[in-house]
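See below for the structure under consideration.
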Amino acid sequence: MEREVRVRFAPSPTGPLHIGGVRTALYNFLLAKKTGGKMILRIEDTDQNRFVPGAEDYIRESLEWCGIELDESPWNGGPYAPYRQSERKPMYMQYAMQLIESGHAYYAFDTAEELDEMRERLKAAKVATPQYNSITRMTMKNSLTLPEDEVKRRLESGDPYVIRLKVPRKEEVRLKDLIRGWVMVHSSAIDDKVLMKSDGMPTYHLANIVDDHLMQITHVIRGEEWLPSAPLHVLLYRYLGWEDTMPEFAHLPLLLKPDGNGKLSKRDGDKLGFPVFPLRWQDPFSGEISSGYREAGYIPEAFINFLAFLGWNPGTQQEIFSMEELANEFTIERIGKSGTRFDIQKARWFNEQYLRAKPDAELAGYLLKALEEHNITCSPEKAEKIAGLMKERVSFPQEFWREAAYFFVAPTEYSEKVASKKWNSQSVAVFTDFRNELSTLSDFNADTVKDLLVSILERHGMKIGMVMQALRLAVTGAEAGPDLMQIIEVIGREETQNRIDAAISALSQYVTA
RNA sequence: GGUCCGUUCGUCUAGGGGUUAGGACUCCAGAUUUUCAUUCUGGCAACAGGGGUUCGAUUCCCCUACGGACUACCA
C-alpha cells in the first residue's frame with residue numbers, strides 16, 4: 001500500500017524567508033500537487049533566542065504571494081495541530097525519555113565552560129574533530145560517567161541538564177537520498193547531539209524527527225545543508241523504532257552567489273542590486289530594509305517559473321510553465337545535483353515573457369495605479385491602449401509609467417543628440433504645416449495623421465525618414481518609443497499641436513539654415 | 001583540519017560508451033521597423049586535469065585539483 005504523499009516545509013521564523021527557502025517550499029508543493037498529496041507548513045521555533053517578530057507573518061505572506069498553497073499550517077490548522085513546535089513543547093520529552101530508557105540517550109550536566117574546555121583540550125592534542133562523542137563522553141559529566149545516585153540527586157535538585165543521543169562508536173550509517181543515491185557515513189563522524197536543551201525545548205534534530213513521524217511525513221525535501229546531519233536523523237528514526245515508516249530524503253543543491261564563491265546571501269543582493277527575498281522586509285531591530293521581488297515588479301508566476309528552473313528542468317525544451325504545468329511535470333529525479341549559481345538576468349527574462357503574455361487590460365491596471373499616485377486621471381481604454389503599445393519594451397510593470405509619462409505630460413526636456421542632428425529648418429517647415437493642417441482632419445487617428453504627414457512631406461519633396469525622429473522629439477522629447485502615430489492618436493490633436501509649438505520655440509537654437 | 005556532497009559553453013542546463021555535444025539567458029552580427037524595443041535569422045562559447053577499463057570514453061572506475069555544505073544547548 002502506497003501511503004498518501006505528505007510533504008512539509010519547515011522554516012524557522014528567524015528573519016525573512018530566503019529565496020532558497022521559497023524554492024524548497026515550491027518543490028515540496030509541486031510534489032504534493034503532482035501526487036495529490038498534502039502540503040504541510042510547520043514552524044520550527046524551538047530556539048526562543050532567535051525569535052524575530054513578524055517573521056512568521058512574512059513567511060505566510062510570501063507563500064501566498066507565490067501561490068504556494070498549504071493544506072495544513074498554523075494558520076489554517078489540520079489534523080496534526082498544533083503546527084508550531086513551541087506549542088508542541090510538551091510532546092517531545094517523552095520521546096527523549098524513551099531513548100534514555102532504551103539506552104540510546106543520556107543526561108549530560110556539563111556547563112558551557114566545561115564544553116569549551118574539552119574542545120580546547122582536544123584541539124591542543126591535535127584531535128581533528130573535537131566533539132562530544134563515544135570517546136570523549138567518558139570524560140564528561142553525564143549519566144554514563146556519574147554514579148547513579150548523583151545523577152538522581154542532580155535531576156531532583158533541578159540541576160540544568162541536556163539529553164544527548166548516544167551515538168555508537170563504530171557503525172556504518174547508510175541513507176538513501178532521492179537525488180544523490182546512497183550516502184554512507186561512519187558513526188564516528190557524528191557527535192552525541194543534544195536532543196533536549198536545558199530550557200526544556202528539543203533541538204531541531206529531535207523535534208524534526210518526532211514531528212515528521214507524528215505528522216506522517218513521507219518525503220523530506222530540504223536544502224543540502226542538512227545532508228551531513230541526515231545520518232543522525234536515520235539513527236533517531238531507528239532508535240525510536242520508526243525506521244519502517246521513515247520518510248524518503250531529497251537534499252536540494254544550494255543556490256550560489258552570482259559571482260565569487262559561496263552560497264547566495266543577503267549581502268549579494270545588496271551588492272549586485274537584486275532582491276534575495278520574495279517580499280520587502282524591514283528588520284524590526286535594526287530597521288534595515290531588504291528589497292523584495294514583489295516590490296521590484298516581479299510577477300509571482302514569473303518568479304515561480306524562474307525559481308522552479310533553478311536546479312530542476314523538465315528535460316524538454318519548454319521553459320514557460322504555469323504552476324499547474326510545473327506540478328504535472330515535476331519529478332524529484334530531474335532535480336540536479338550541483339549547486340546553482342544565481343542569475344538575475346534570467347529572472348528578468350522570465351518576467352518579460354510573462355508581462356508580454358498578459359492581456360492589455362490587465363497591464364493597464366499597473367499604469368492606472370501609478371497615474372493615480374501622480375494625480376493624473378485616465379480612462380481605462382486609454383490606459384489599455386498605452387499598455388499595449390508599451391508592453392514589449394518594458395521588463396517591469398512600474399516602467400509603464402516611467403517609460404510612458406510623455407503620454408500624459410508634455411516634454412520639458414529634449415534629447416540633445418536628436419535635436420542637434422535632426423532638428424532643422426526643413427523639418428520645422430514641415431511641422432508647421434503639419435500642426436496647422438491637423439485641424440482640418442475630420443477623423444483623427446493614427447492612420448489619418450500619417451496620411452496627412454506623408455502628403456505634406458510629398459509637397460516638400462521629403463521622405464518620412466527625414467523628419468520622424470525630429471517629430472518624435474517634438475512630441476515626446478525622447479529618442480525612442482513605440483509607433484509615433486499611435487502616440488499622437490492617444491495624446492490627441494490639440495495636445496500634439498501644443499507640443500509641436502512648444503518644441504519649435506524651445507529648439508529654435510538648432511535651426512541654422 | 002575532518003566528514004559528506006558536487007564538477008558539460010560566462011550562467012541555467014539536455015545528453016550519454018561511437019553525437020557536427022542540443023536548448024535557454026547574456027553578448028555580437030544581419031533582417032524587419034519612422035526610432036528604440038519586440039520578432040526573425042545567424043554567430044561566439046563547454047564535457048576541470050591525470051590515470052585506468054574498453055576496439056572506442058565527455059559518459060564507467062580511481063586519483064588529483066577546484067567548488068560547496070557541515071563541523072553549536074542555531075535551524
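In what follows, chains carry the letters A, B, and so on, assigned in the order in which the sequence lines appear, proteins first and then strands, with residues in each chain numbered from 1.
Rounded to whole Å, the distance from NE2 on A/H251 to P on B/G6 is 13 Å. Between A/I320 atom CD1 and B/G23 atom C1' the separation is 14 Å, expressed in whole Å.
Remark: the backbone N or O of A/E489 is not paired with any side-chain donor or acceptor of A/N445 at under 3.5 angstrom.
With B/U13, B/C73, B/C12 as the candidates, the nucleotide lying closest to the side chain of A/N313 is B/U13. With B/U26, B/C73, B/A75 as the choices, the nucleotide that has an atom nearest any side-chain atom of A/W349 turns out to be B/U26. With distances taken from any side-chain atom of A/R119 to the nucleotides B/G22, B/C25, B/A72, the minimum falls on B/A72. For A/S338, the listed nucleotide lying nearest its side chain is B/G6; candidates were B/G15, B/C12, B/G6. Of the listed nucleotides (B/G15, B/C70, B/C74), B/C74 has the atom at the smallest distance from the side chain of A/D47. Of the candidates B/A75, B/A24, B/U3, the closest approach to any side-chain atom of A/K346 belongs to B/A24. With distances taken from any side-chain atom of A/E224 to the nucleotides B/C5, B/U13, B/A75, the minimum falls on B/C5. In this structure, of B/G2, B/A14, B/C74, it is B/A14 that holds the atom nearest to the side chain of A/R334. Distances from the side chain of A/R180 to the nucleotides B/A14, B/A69, B/G6 place B/G6 closest. Candidate nucleotides B/A75, B/U11, B/G22 were compared by shortest atom distance to the side chain of A/T46, and B/A75 ranks first.
B/A21 makes up no base pair with any nucleotide shown, lacking Watson-Crick or G-U wobble contacts both under 3.5 Å. The partner of B/G6 is B/C66, by the rule that a Watson-Crick or G-U pair needs both atom distances under 3.5 Å. B/A37 makes up no base pair with any nucleotide shown, lacking Watson-Crick or G-U wobble contacts both under 3.5 Å. Look at B/C27: its Watson-Crick or wobble partner, with both distances under 3.5 angstrom, is B/G43. Nucleotide B/U54 is matched to nothing when pairs are restricted to Watson-Crick or G-U wobble geometry with both distances under 3.5 angstrom.
Not one side-chain nitrogen or oxygen of A/R341 sits closer than 4.0 Å to the OP1 or OP2 atom of B/U7. Taking only side-chain nitrogens and oxygens, A/K263 comes nearer than 4.0 Å to OP1 or OP2 of B/C70.
Both tests hold for A/R164 against A/Y132: distance to the six-membered ring centre under 6.0 Å, angle to the ring axis within 45°.
Looking at heavy-atom distances under 4.0 Å, A/V194 makes contact with sugar-phosphate atoms alone, never a base.
Ring-plane geometry between A/W312 and A/F309 is classed as perpendicular, the angle between the planes exceeding 60 degrees on a 0 to 90 degree scale with a lower cut at 30. Using a 30° and 60° split on the angle between ring planes, A/W423 and A/F431 fall in the tilted class, from 30° to 60°.
Salt-bridge annotation for A/E437 and A/R459: present, with a side-chain N of the basic residue lying under 4.0 Å from a carboxylate O of the acidic one.
Scanning atom types as modelled, no donor and acceptor separated by under 3.5 angstrom connect the side chain of A/K193 and the base of B/A72. Checked by distance alone, A/S198 brings a side-chain donor or acceptor within 3.5 Å of a matching partner on the base of B/C73.
At least one side-chain heavy atom of A/F9 sits under 4.5 Å from a side-chain heavy atom of A/L17.
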